[in-house]
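Below you'll find the structure, written out as structure tokens, and then a few comments.
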Amino acid sequence: MSTTSDNALEATPAGEEPELKRVLGPKLLLLFIVGDILGAGVYAVTGTMAGTVGGIVWLPFLLAFVVATLTAFSYLELVTQYPQAAGAALYTHKAFGIHFVTFLVAFAVVCSGITSASTSANVLAQNFFGGLEVNGWMDVPDRGVITAVALGFMLLLAVINLRGVGESVKFNVILTAVEVLALCVVIGVGFFVMAQGTGNVQEIFVFTDYQDKGLFLAVTAATSIAFFAMVGFEDSVNMVEETRNPERIFPRTMLTGLGIAVILYMLVAVSVVSVLTPAELGEIREAEGAALLEVVHKGSPDFPIDKIFPFLAVFAVANTALINMLMASRLIYGMARQHVLPRSLGRVLPGRRSPWAGIAFSTVLAMGLIWYVSIDPSSNIVANLSGTTAFLLLCVFTLVNVACVVLRRKRDPHRKVFFTSPGQLPLVAAVLCAFLAGPWVGRNPVQYQVAGGLMAIGVVLWFITWLITRKTNTRGGEPARAQANQPPEE
């Protein structure tokens, strides 16, 4: 997730700064994309989806994949046309040229990273205590303790972030392997149960209306939820300046990564339905982020794998949270440095040279979110946070798809085109994203409240900055530079 500066929306003039090193080939880029899509998403939403549609829980994953792929087509058309590490903010700026709109897109991406990390923190806490319970070390504590651990984890991320974390592609390969291994455990358990003849295979095509929504609304609601598990592919466009021959390898690699992710997700969904009874599927939404742990525990009673699985899940989810918070803090830093947010948010820690103000700001917002959604004891914390993330990104994706249509009309006819989304698919994708973001999908009102509150904070900060820069005659009101790939030295 990245953002951009008005000046940096154009290519960096020769001689000003060295270019980023192009180290990513198709294989490493594929691992980056797959690792970014996998992670906290499937752990966070599978239980909620199963408690909405029952045995056809695989269908919302498939539909979310279709919408994500249509949007990916637009991203691919734009990233091959503008191979700069700036993402959604770059495309909206190119299309509309309105600073405030570009800021809203950029800050929405920042907020989606914070809400995603908050989701991951809760999923991590639930799986951690689930692992302790499965191993007989302690009982699962009450909700307050789980929330406290999630808050403590956010503080730990802030400390790690302040110290400076060197992210490398090789490390991402290891993390991706762990994420895939954990999901393969769930899939293996499900197919083992089916091979034993004790699974509920007949339920795979059975819709159960647990919430009395009707087939269309229930599947639509579950698809909106499932979209949280498909996001991440858009982050890869911010690696474009570190990719060899991006115009040629990006289209095939991104679509392959999406395909791998949806296959794994659908196999996980089939495994969940095979292991759990219809009654258990209706209750699994209460497990929130620990739903897959329950599947492994029930499906492998004679194997110790259920004692290891929750800690694999913790590792994968922790990686997702760390990446999101690293990105959010760097985006805030970049926006402050470009006079879009108060300059104080761009302060850097001496010695470590990490953006401590951006880290503090994003951490406080994340902890505030966790506390806010946990006030209501009957609410589903993970569902509300993941739903907020999906809503913010669906809004961003709607604008990106519209930008694709606009920029296609502005395209230089003499410029070589490497990829074009077929026909009117960008417009179709825009309509579908806007539809999934609407209240008719049954989204909890608290998700709109959280998203609106976060964006309101950003608008207030932007307005304060605009007033200050106007009075001091300094450059202001410009979208922030894409500095997610160029953070302060650490």
Side-chain angles (χ1 to χ4, degrees), residues 30-31 34-35 37-65 123 127 130-131 134-135 175-208 219 222 225-226 229-230 256-285 287-317:
L30 177 62
L31 286 170
V34 172
I37 297 174
L38 302 179
V42 68
Y43 299 96
V45 302
T46 303
T48 305
M49 291 165 56
T52 303
V53 297
I56 60 170
V57 65
W58 53 270
L59 180 58
F61 276 128
L62 180 60
L63 294 176
F65 164 75
V123 173
N127 277 275
V134 167
N135 284 277
L175 296 174
T176 301
V178 173
E179 292 169 352
V180 173
L181 174 62
L183 295 183
C184 285
V185 167
V186 179
I187 296 169
V189 168
F191 280 80
F192 172 77
V193 170
M194 285 188 281
Q196 297 299 307
T198 58
N200 307 303
V201 184
Q202 70 280 0
E203 294 293 325
I204 293 175
F205 297 100
V206 176
F207 165 65
T208 305
V219 171
I225 295 169
M230 295 305 304
T256 301
L258 276 166
I260 291 173
V262 74
I263 289 173
L264 287 173
Y265 286 168
M266 291 180 69
L267 290 174
V268 166
V270 169
S271 299
V272 170
V273 175
S274 300
V275 173
L276 301 180
T277 66
E280 290 170 332
L281 287 177
E283 298 172 356
I284 197 175
R285 67 183 295 118
E288 297 188 336
L292 297 187
L293 173 58
E294 292 195 5
V295 174
V296 174
H297 180 59
K298 181 182 178 182
S300 59
D302 299 324
F303 295 92
I305 191 66
D306 67 323
K307 300 182 183 299
I308 302 172
F309 174 78
F311 300 110
L312 292 177
V314 164
F315 190 69
V317 171

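Just so you know, these numbers come straight off a predicted model, no measurement behind them.
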Identify the two heavy atoms, one from Val275 and one from Lys298, that lie closest to each other, and give their separation to 0.1 Å. O-NZ, 3.3 Å
Out of curiosity, Leu183 CG to Leu292 CG, how far, rounded to the nearest 0.5 Å? 7.5 Å
Gap separating the CD1 atom of Ile263 from the CG atom of Leu258, nearest 0.5 angstrom: 11.0 Å
At their closest point, which heavy atom of Gly190 faces which heavy atom of Ser274, and how far apart are they? O-CB, 4.2 Å
Are side-chain heavy atoms of Thr208 and Leu281 found at a separation under 4.5 Å? no
State, yes or no, whether a side-chain contact exists between Glu280 and Glu294 at a heavy-atom distance under 4.5 Å. no
Would Asn135 and Phe311 count as a side-chain contact (heavy atoms from CB on, under 4.5 Å) here? Give the steps. CA-CA 11 Å; Asn135 284 277; Phe311 300 110; 3.6 Å; yes
For residues Leu38 and Tyr265, determine if any side-chain heavy atom of one lies less than 4.5 Å from a side-chain heavy atom of the other. yes
Report the distance from atom CD1 of Ile56 to atom CZ of Phe61, rounding to the nearest 0.5 Å. 13.0 Å
Heavy-atom closest pair (Met194 atom, Val270 atom, distance to 0.1 Å) is CE-CG1, 4.2 Å
Which heavy-atom pair separates Met49 from Ala222 by the least distance, and what is that distance? CG-O, 3.9 Å
Flag the pair Phe191 / Leu267 as yes when at least one side-chain heavy-atom distance between them is below 4.5 Å, and no otherwise. yes
Ile305 CD1 to Ile308 CD1 distance, which is reported to the nearest 0.5 Å: 5.0 Å
The single option from Val268, Val262, Leu264 that satisfies side chain to side chain contact (heavy atoms under 4.5 Å, CB included) with Met266 is Val262
For Pro310 versus Gly131, what's the shortest heavy-atom pair and its separation? CG-CA, 3.3 Å
Considering all heavy atoms, the nearest Val295-Val189 contact: O-CG1, 4.0 Å
Could you tell me whether the side chain of Met230 reaches within less than 4.5 Å of the side chain of Val45, counting heavy atoms only? no
Can you tell if the side chain of Leu63 reaches within under 4.5 Å of the side chain of Val219, non-hydrogen atoms only? yes
Would you compute the distance between atom CD1 of Ile260 and atom CD1 of Ile37 and round it to the nearest 0.5 angstrom? 9.0 Å
State, with a plain yes or no, whether a side-chain heavy atom of Val53 is found less than 4.5 Å away from one of Pro60. yes
Interatomic distance, CG@Leu30 vs OG1@Thr256, rounded to 0.5 Å, equals 6.5 Å
Which pairs with one or both residues in residues 41-56 pass side chain to side chain donor-acceptor pair (under 3.5 Å), sequence neighbours excluded? Thr52-Arg285
